[in-house]
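Here the structure is laid out as structure tokens; the discussion comes afterwards.
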Amino acid sequence: MAVEFKVEEHVMEMEAFQEDLDKLRGKRGMLMQALHLAQNRFGHIPIPVQEVIARTLKVPMSTVYGLITFYSRFTLVPKGKCEVSICMGTACYIQGANEILQECEMALGIKNGETTEDGLFSLSTTRCVGACGLAPVVTVNEEVHGRMDLQKMRALLAELKESYESEGEGA
């Protein structure tokens with residue numbers, strides 16, 4: 001999902017964010033705090049927001065971008081209303097997590113790390129959710145679904161699509 005972040009559409013949010021950044025300047029851990037603030041406020045950390053962070057905190061853009069891309073908590077693209085994440089830890093991978101990821105990619109029409117055009121679904125992988133006894137594990141908006149297989153995944157996606165699409169119709 002290619003979404004352009006237009007600063008002029010987020011003037012009030014950007015002003016409030018700038019005030020938050022000004023309070024962080026010079027404090028220990030200011031960059032990580034700024035990234036968390038940005039992720040929580042905007043749902044992702046687009047380039048214009050990164051530029052404000054770099055300029056305000058006087059850190060190189062490369063450092064800002066490097067931290068965003070290093071930590072999985074941060075994202076450069078907006079997440080969907082429904083975040084589907086496949087655990088790729090050793091136990092889950094051995095039990096077929098890769099096939100489940102491929103099924104999700106096909107069913108949603110997106111690749112790992114992408115969001116559907118309608119903004120309803122995001123697909124990602126994670127290293128380990130700490131539920132190895134339930135492998136393979138899929139989380140949906142942080143709700144854990146264990147012992148997943150292809151048939152269960154198809155049913156879960158169908159249920160989620162119906163739920164989120166009908167929710168959009170009622171809006």
Indicate yes or no for a side-chain donor-acceptor contact from Asn141 to the backbone of Lys81 under 3.5 Å, with no hydrogens or angles considered. yes
Does CZ belonging to Phe42 count more than 12 external heavy atoms closer than 6.0 Å? yes
SG/Cys132 to CD/Gln95 distance, rounded to the nearest 0.5 angstrom? 10.5 Å
Side-chain contact, heavy-atom cut-off 4.5 Å: Val140 with Glu83? no
Could you tell me if Thr115 and Ser122 have a donor-acceptor pair between their side chains, going purely by distance under 3.5 Å? yes
Are Ile47 and Leu57 connected in a single hydrophobic cluster, I mean Ile/Leu/Val/Met/Phe/Trp/Tyr linked by side-chain heavy atoms less than 4.5 Å apart? no
Under the side chain to side chain contact (heavy atoms under 4.5 Å, CB included) rule, what do Arg25 and Lys23 come out as? Steps first, then yes or no, please. CA-CA 6 Å; Arg25 200 176 325 173; Lys23 293 173 190 169; over 6 Å; no
Does CD belonging to Glu162 count more than 12 external heavy atoms closer than 6.0 Å? no
So, does Ser163 use its side chain to make a donor-acceptor pair with the main chain of Glu159 at under 3.5 Å? no
Arg147 to Lys152 - nearest heavy-atom pair and separation: O-NZ, 2.9 Å
Parallel, tilted or perpendicular: which one describes the rings of His10 and Phe5, with boundaries at 30° and 60°? parallel
So, for Val137 and Val144, which heavy atoms are closest and what is the spacing to 0.1 Å? CG1-CG1, 3.6 Å
Indicate, with yes or no, if Met32 and Ile53 share a hydrophobic cluster defined by side-chain heavy-atom contacts under 4.5 Å among Ile, Leu, Val, Met, Phe, Trp and Tyr. yes
With the side chain counted from C-beta on, respond yes when Met12 and Phe17 share a heavy-atom pair under 4.5 Å apart, and no when they do not. no
Are Phe74 and His44 close enough that their ring centers fall under 6.0 Å? no
List the steps and the verdict of side chain to side chain contact (heavy atoms under 4.5 Å, CB included) for Ile86 and Met148. CA-CA 10 Å; Ile86 317 299; Met148 191 58 66; over 6 Å; no
What's the verdict on salt bridge (Lys or Arg N to Asp or Glu O under 4.0 Å) for Glu103 and Arg154, showing C-alpha distance, side-chain angles and the deciding distance? CA-CA 8 Å; Glu103 178 65 30; Arg154 287 182 193 114; 3.2 Å; yes
